Number of protein chains: 2
Amino acid sequence: MSTFWCERAWLGGPDVRAGVLVDIDGERIDSVQTGVPAAPEGAEHLRGLVLPGLANAHSHVFQRALRGATHGGRGSFWSWREQMYALAATLDPGAMLALARATFAEMALAGIAVVGEFHYLHHDPDGNPYAEANAMGEAVIEGAREAGVRITLLDACYLHGGIGVAPDPVQKRFADADAEAWSERVDAFVQGSHVRVGAAIHSVRAVDPRSAAIVAAWAERRSAPLHAHVSEQPAENEACMAAYGQTPSGVLAEAGAVSGRFTAVHATHVSSEDEVLLGEASCFCCLCPTTERDLADGIAPARRLRDAGAIIALGSDSHAMIEPFEEARAVELDERLASGVRGRHGGDELLFAATASGYASVGWPEGGMIRAGALADLVAVDLDGVRLAGVRDRDLIDAVVFAGAAADVTDVIIGGRAVVRGGVHQTLDVARELHDAIGRVSL
Amino acid sequence: MSTFWCERAWLGGPDVRAGVLVDIDGERIDSVQTGVPAAPEGAEHLRGLVLPGLANAHSHVFQRALRGATHGGRGSFWSWREQMYALAATLDPGAMLALARATFAEMALAGIAVVGEFHYLHHDPDGNPYAEANAMGEAVIEGAREAGVRITLLDACYLHGGIGVAPDPVQKRFADADAEAWSERVDAFVQGSHVRVGAAIHSVRAVDPRSAAIVAAWAERRSAPLHAHVSEQPAENEACMAAYGQTPSGVLAEAGAVSGRFTAVHATHVSSEDEVLLGEASCFCCLCPTTERDLADGIAPARRLRDAGAIIALGSDSHAMIEPFEEARAVELDERLASGVRGRHGGDELLFAATASGYASVGWPEGGMIRAGALADLVAVDLDGVRLAGVRDRDLIDAVVFAGAAADVTDVIIGGRAVVRGGVHQTLDVARELHDAIGRVSL
């Protein structure tokens with residue numbers, strides 16, 4: 001049993017509470033009391049504003065190595081993808097472990113306590129299975145363990161190089177023989193207190209409808225989360241319409257994929273019918289604004305998706321930056337740019353997207369909130385730095401969401417364990433890990 | 001004479017140089033040598049990547065007090081303006097000095113060495129001149145002096161509450177009797193080694209064409225920079241077209257304001273004719289992307305403006321955040337969102353906007369570059385933090401611009417003097433100053 005006394009904490013809604021005592025029993029919160037004026041003896045004092053753990057619901061961890069190397073690029077998503085593939089072609093399980101450990105540790109420093117890793121780099125550079133078929137996925141999981149963060153490995157089925165097109169030489173690393181082979185491979189993962197396993201349909205480009213139905217049935221049987229890239233680019237929509245006479249969301253719905261356990265990643269170019277379809281099923285839509293602006297994807301209709309019934313989650317995707325508050329505020333701010341109108345999403349709604357709804361999207365519905373019974377994941381944000389000093393309590397949630405930075409995160413507790421204290425990761429020299437992990441890959 | 005040895009420095013162009021020795025004589029750079037393998041005796045060693053000073057070409061410093069208080073707001077620019085006016089109504093010279101000192105010091109920590117303060121809060125709360133007519137402007141200048149940053153006070157002429165409309169009670173604080181009274185008041189400022197004075201036409205809403213011509217003539221006579229808010233909102237264009245049959249840029253051009261000393265601030269909703277007009281005159285266009293997204297202004301056509309001949313500068317305007325690299329990258333990234341195409345502006349072009357062109361826009365054309373004869377303003381960016389660790393030298397400029405943060409700035413030299421060392425302001429406790437300055441105003 002350990003106890004944290006928080007000067008201020010966010011328990012949901014637009015306001016913060018003062019003097020919040022959080023009792024932790026093992027990995028769970030045992031009780032939460034508000035209005036406790038001072039830290040009782042034996043309680044650890046968390047300064048600033050304490051939030052629940054932040055969730056990064058969409059990550060391709062190896063792409064962290066590309067930071068800086070592709071951002072100034074010309075062309076489009078598709079020319080960027082060539083650069084990303086060149087990196088993907090070179091990685092082995094050791095390089096993957098190093099990148100994952102370093103990048104997940106960078107996430108921990110930013111307050112991220114759980115990550116949904118959309119993993120498709122399965123096989124060796126020739127496309128043959130490793131001796132340990134899940135060597136790459138296990139490297140990712142081990143990286144998260146060493147970084148101290150929870151992970152959901154969203155193992156992605158990837159069969160085709162495009163609709164009706166065989167995988168190209170790089171894509172062979174991604175491809176299982178068929179959806180049955182995918183399912184058999186994924187069944188071999190073992191879950192643990194910090195590890196859950198979910199499914200992903202890479203996209204309607206890479207998975208045909210019959211195979212998508214097999215993946216969806218696997219997720220249903222396992223009560224596991226199911227993610228898919230959906231309508232990130234107009235070209236994907238056009239190819240899908242030409243082949244199937246339906247949008248990607250429509251194809252996935254017909255395959256049985258669209259349900260309350262489904263997360264549509266990006267949902268940038270969804271039709272109004274798609275919005276209704278995803279909303280009525282109470283899907284999650286995972287927006288990744290800093291990547292979507294980097295890749296010139298466009299602006300997802302977040303408010304319309306929410307109005308239809310969908311739930312917004314957030315991801316840092318390609319890790320152009322790892323700034324969870326920027327992902328959150330950009331949902332609102334990008335829509336302001338497109339529309340000329342402010343105030344579609346409140347600060348507390350954006351924070352909910354960054355916490356509880358992200359946890360639920362990646363299959364940890366008992367996390368991302370500070371309440372009895374929830375996972376004991378807490379994040380303290382410094383209010384005495386230059387970005388947030390002087391903000392009034394009534395404005396704190398808006399201030400943190402609209403002006404906070406990863407650099408303001410001081411303490412991160414995951415499952416009751418302090419992973420970050422005073423802005424320092426407790427077991428890893430994160431910058432050194434990043435330097436070494438990126439240095440060993442060829443770009 | 002002092003000497004800095006920079007591990008790496010940016011001297012312009014897409015690449016960085018290793019081992020750069022910068023000799024400083026007084027406030028100027030005396031010589032620059034590259035390829036010097038180690039720090040000579042007596043030279044101070046600057047780690048990371050050394051840039052020229054960054055320029056913040058558009059600031060309303062008092063609006064820093066609104067951070068967090070208005071970001072979650074609904075409505076539009078115009079409803080936000082009501083909240084901003086409520087703050088403006090309460091400030092006195094003491095409160096202004098405190099806010100200016102704290103906010104300019106926050107800018108120094110972010111690498112900003114020169115600020116263009118677009119100043120319009122001239123008179124007392126009843127609209128009467130202070131006994132010292134420039135008490136408010138002098139408070140702003142003193143704040144910059146105490147924070148250690150260069151300032152151009154861009155004193156704004158503000159006469160009307162809208163085209164043909166008298167100032168409302170709050171706007172009376174902004175308004176001089178007429179442009180001649182404005183000119184007489186502004187002539188009383190004294191320039192100094194850290195202070196220059198320029199002119200601003202608040203907007204075509206607040207200054208009629210005849211008065212705009214008087215302000216423009218003053219700037220011409222003084223060889224001073226001249227700034228104006230231009231086409232920030234469609235409503236401004238519509239009112240201007242209705243009253244004058246021309247766009248704001250057209251009206252200002254006819255008043256003689258549009259020249260190589262002119263900066264069009266925002267230029268969000270300029271017409272294609274305006275682009276040509278501003279470009280052919282080699283104007284500066286100062287974009288303020290983090291404010292423009294906060295206020296739902298829209299996305300300026302930065303690439304088309306550049307193609308026409310205009311020069312992009314950058315400002316943090318309302319100080320929703322003070323993140324110069326975010327302002328720079330957003331010029332490119334917002335256009336990607338709007339267009340679906342990447343690569344309109346290279347990292348080095350964006351860095352030029354953040355440095356030399358910003359300096360020139362606010363009337364310090366001898367600054368913002370590392371070369372013999374230039375102002376001795378240097379900014380060191382940490383490459384060993386989690387955001388930038390592992391980036392290859394060939395990618396450094398893109399990485400700093402697209403993924404760097406104010407928190408990565410370690411050392412700031414302004415006029416040869418170290419204002420920031422190791423991320424710490426050398427004379428002010430900046431967070432405490434912000435806390436106290438914001439705490440004393442009513443919101």
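This one's a predicted model, so the numbers in the text were calculated from it and none came from an experiment.
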Check: B:R336 and A:L295 side chains under 4.5 Å, non-hydrogen atoms: no
Choice from B:E323, B:E326, B:E332 maximising heavy atom contacts with chain A below 4.5 Å: B:E326
Closest heavy-atom pair and its distance - B:A403, A:A320: CB-O, 3.8 Å
Region of A:E433 that comes under 4.5 Å of a non-hydrogen atom in chain B: neither
Pairwise distance CZ(B:R432) to CG(A:D384) - rounded to 0.5 angstrom: 7.5 Å
Rounded distance (nearest 0.5 Å) linking atom CZ of A:R67 with atom CG of B:L388: 7.5 Å
Interface moiety of A:L396 toward chain B, non-hydrogen atoms closer than 4.5 Å: neither
Contact winner vs chain A - B:S76, B:P14, B:A405, B:A406, heavy-atom pairs under 4.5 Å: B:S76
For the student: nearest non-hydrogen atoms of A:L434 and B:V386, plus distance: CD1-O, 3.4 Å
Minimum-distance pair of heavy atoms, taken over all atoms of A:A389 and B:A431: CB-O, 3.5 Å
Nearest atoms (heavy-atom pairs only) where B:F77 meets A:R342: N-CD, 4.4 Å
Audit row: B:R293, A:D334, salt bridge (charged side-chain N to carboxylate O under 4.0 Å, His left out) steps and yes/no: CA-CA 7 Å; B:R293 68 179 189 170; A:D334 286 352; 5.0 Å; no
Value rounded to 0.5 Å, distance of CG in A:L443 from CZ in B:R392: 4.0 Å
Interface moiety of A:V391 toward chain B, non-hydrogen atoms closer than 4.5 Å: side chain
Best-contacting candidate, B:R394, B:H71, B:E292, B:M321, against chain A by heavy atom pairs under 4.5 angstrom: B:H71
Structural part of A:R387 lying under 4.5 Å from a heavy atom of chain B: both
Value rounded to 0.5 Å, distance of CG in A:L383 from NE2 in B:H435: 9.5 Å
Contact winner vs chain B - A:E335, A:R329, A:H319, heavy-atom pairs under 4.5 Å: A:R329
Contacting region of B:Q233 [heavy-atom separation from chain A under 4.5 Å]: neither
Atom pair CZ/OG1 of B:F402 and A:T70 - distance to nearest 0.5 Å: 9.5 Å
Atom group of A:A69 that falls short of 4.5 Å from chain B, counting heavy atoms: both
Residue selection (most heavy-atom pairs with chain B, distance under 4.5 Å) from A:I438, A:L337, A:D398: A:L337
Option that, when pairs with chain A are counted at under 4.5 Å, heavy atom only, ranks first among B:G298, B:G68, B:A296, B:A330: B:A296
